[in-house]
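Note sheet for the following structure.
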Amino acid sequence: MIQTDAAAAAPPPDIWGQIFVFVLASFIGLGVIRRVSRLLHTPLMSITNAISAIAIVGSIIVTGADYPIGIRILGAVALFASMTNIVSGFLITDRMLKMFKTDTRPRSGGHP
Amino acid sequence: MSRDLVQLSYIIATGLFVFALHWMNTPATARKGVYAGVAGMVLAIAATWAEPVVVHHWWIVAALAAGVVVGVPLSLVPLTAVPQRTALSHAFGGLAAGLVGTAKYYLWFGEGPANLTAFRMVAIIVEIILGFLTFTGSLMAAGKLQEVKFIPQRPVTYPLQNVTNIGLLAVAAVVGIALVLHPTASWAPLTFPVIIVLALAFGVLLIIPIGGADMPTVIAILNAYAGLSAVAMGFVLDNKLLITAGALDGSSGLILAIIMCKAMNRSFVNVLFGAFGQVQQTKAAGEEKVYKAESIEGAGQVLEQANLVVVIPGYGMAVAQAQHKVRELYDQLKKRGIAVKFAIHPVAGRMPGHMNVLLAEADIPYTDLVEMDEINPDMPQVDVALVVGANDVVNPAARTEKTSPIYGMPIIDADRARTVFAIKRSKNPGFAGIDNELYFSDKTWMLFGDAKNVIGELVKQLSGGSGLH
């Protein structure tokens, strides 16, 4: 899967390879997400949000490469938006997950 | 060589992301998942930044810094505001995808028209349509959730709404096809923004007719769109890491949306185009039904006599910020040896899992949070069902009333408990505007007032009365 990325002029992308990856990743995603605890659906949403902000790698290239300035401004805004999602997504997920406890402090006479 | 390294880092990052989601299957390992996700992200960013084409480092530093400055406060919002924060982050995700798609199109148009293959053009069109409609759609959703003044809370409908919406999308698709066929025509760069505008407008129109009760589903659907726009970006940039991470996000949104729809017995199409809340039955109140109100003292005494109490929280608990008072009540009851469980309906609140997070914030052990399907068989043994700001999810009309808009929706069988206490802010019907038979049942007693105050009073009553400390 590396040879499609030869240097110099852009080679034709491996379309079927991409679709293949997409289909397999979707199956993995469906399999993994189905088993996520229902308790954690809100944190799940914020962590997948942070993860899909991986769009940042696209924005880094568009912002950082030697492209016309208009293009790079679009990239910089996208980069800012993605970074916001990464930072707030991971931080708030962790903040919420910290609150999920089995039993908090010893309470007198309390058992179900 | 360095390209091999970049690809290798991407594969490792992909693996870390899969583990991050895998570890979310139980609260015990979930935090490990966050660390895996962060590690994958840092690795992917570092590998990309190190690519030789990247030369304007200060631009990147500035954008990253701005992202941190905005992102940190967004992670510190009160947990009741998590639904709107989530909607806002979907908006950011959509915006990023839309902007990168736009940038790539104009870049290739100017510097390498040979790159604008049919496949890439399809991917770019899909990316910008999904990206920009997710952007405005999520902003609207966030605005509704935050109750921003100039955004109507109630569903807005008008004649031929669906025809207009679908028509708009069809026009965007036709313009898109024209661009795919002639990506380098002289009119193309001027036509491209038309699609952007149409997608932006479509996003707004898509959310306008949607009411608060449907927000959990809509947020999940927007989540899926945001993921799919990242996948499309991956196709545009020939980047398999983007395709994988976007697919994970997309499947997560899809599964959550399916769970939400099932929990309401409705289809996607019905949620998106059904304009819930407008189609209320016009069955005017024939005979005036009477609520039976109960005093705090009376309710306190009944609670003290109970062996098993089930609390059924809803959006009203979030609005009143009552979760901490609920926790005090939980403590009071537990102290007396009374078993307390929380029955969580999948669509309670304004996003998937909303109630769980609020109760966890109030330090209630998650082992006492029980799903609807698990608690329902036990409901006849429940002495007191305490409904805190929930309405439609306990409405027995869903089982019996064929004409009711919520007919067929699975509910928590509060009406099968021996006694029901329902805390309600006012005598008005709930969000969907549907009368709730539960409130007029023989065994139901109403506690009128703000959920936080009512439960606070109950706690005072219980801690004062019984001599237990």
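So that the names make sense, note that chain A is the first sequence line, chain B the second, and so on, each numbered from 1.
Neither the backbone nor the side chain of P52(B) comes within less than 4.5 Å of any heavy atom of chain A. With a 4.5 angstrom heavy-atom cutoff, L228(B) touches chain A only via side-chain atoms. Interface residue A30(B): backbone and side-chain heavy atoms are both found under 4.5 Å from chain A. Looking at E51(B), the atoms closer than 4.5 Å to chain A (heavy atoms on both sides) all sit in the side chain, from C-beta outward. With a 4.5 angstrom heavy-atom cutoff, F119(B) touches chain A only via side-chain atoms. In this structure, chain A has heavy atoms under 4.5 Å from both the backbone and the side chain of V357(B). In this structure, chain A has a heavy atom under 4.5 Å from the side chain of M41(B), while its backbone stays farther away. Proximity to chain A (any heavy atom under 4.5 Å) is shown, for I219(B), by both the backbone and the side chain. Proximity to chain A (any heavy atom under 4.5 Å) is shown, for L74(B), by both the backbone and the side chain. The contact between T26(B) and chain A is made entirely by backbone atoms, counting heavy-atom distances below 4.5 Å. Interface remark: V231(B) contributes side-chain atoms only to the contact with chain A (heavy atom separation under 4.5 Å). Contact of A62(B) with chain A is not made at all, since no heavy-atom distance falls under 4.5 Å. Both the backbone and the side chain of D94(A) come within contact range of chain B, judged by heavy atoms closer than 4.5 Å. Only the backbone of A50(A) comes within less than 4.5 Å of a heavy atom of chain B; no side-chain atom from C-beta onward does. Contacts of L107(B) with chain A are made by both backbone and side-chain atoms, with heavy-atom separations under 4.5 Å. Neither the backbone nor the side chain of V69(B) comes within contact range of chain A, judged by heavy atoms closer than 4.5 Å.
Counting heavy-atom pairs under 4.5 Å between each of R34(A), K98(A), M45(A), R35(A) and chain B puts M45(A) at the top. Counting heavy-atom pairs closer than 4.5 Å to chain B, the top residue among M83(A), Q18(A), M96(A), H41(A) is Q18(A). Heavy-atom pairs under 4.5 Å with chain B peak, among P43(A), S46(A), A65(A), at A65(A). Ranked by heavy-atom pairs under 4.5 Å with chain B, the list V32(A), I71(A), V87(A), L91(A) is led by I71(A). Interface summary for chain B: among V57(A), I47(A), T93(A), I56(A), the most heavy-atom pairs under 4.5 angstrom belong to V57(A). When each of T48(A), I73(A), I61(A) is checked for heavy-atom pairs under 4.5 Å with chain B, T48(A) comes out on top.
Using a 30° and 60° split on the angle between ring planes, F100(A) and Y366(B) fall in the tilted class, from 30° to 60°.
Distance check, rounded to the nearest 0.5 Å: CD1 of I33(A) to OG of S251(B) gives 5.5 Å. For the atom pair OG1 (T84(A)) and CG (L88(B)), the distance works out to 9.0 Å, reported to the nearest 0.5 Å.
Using modelled atom types, one finds a donor on one side chain and an acceptor on the other under 3.5 Å when comparing S88(A) with R85(B).
Residues N356(B) and L39(A) come closest through the heavy atom pair CB-O, 3.4 Å.
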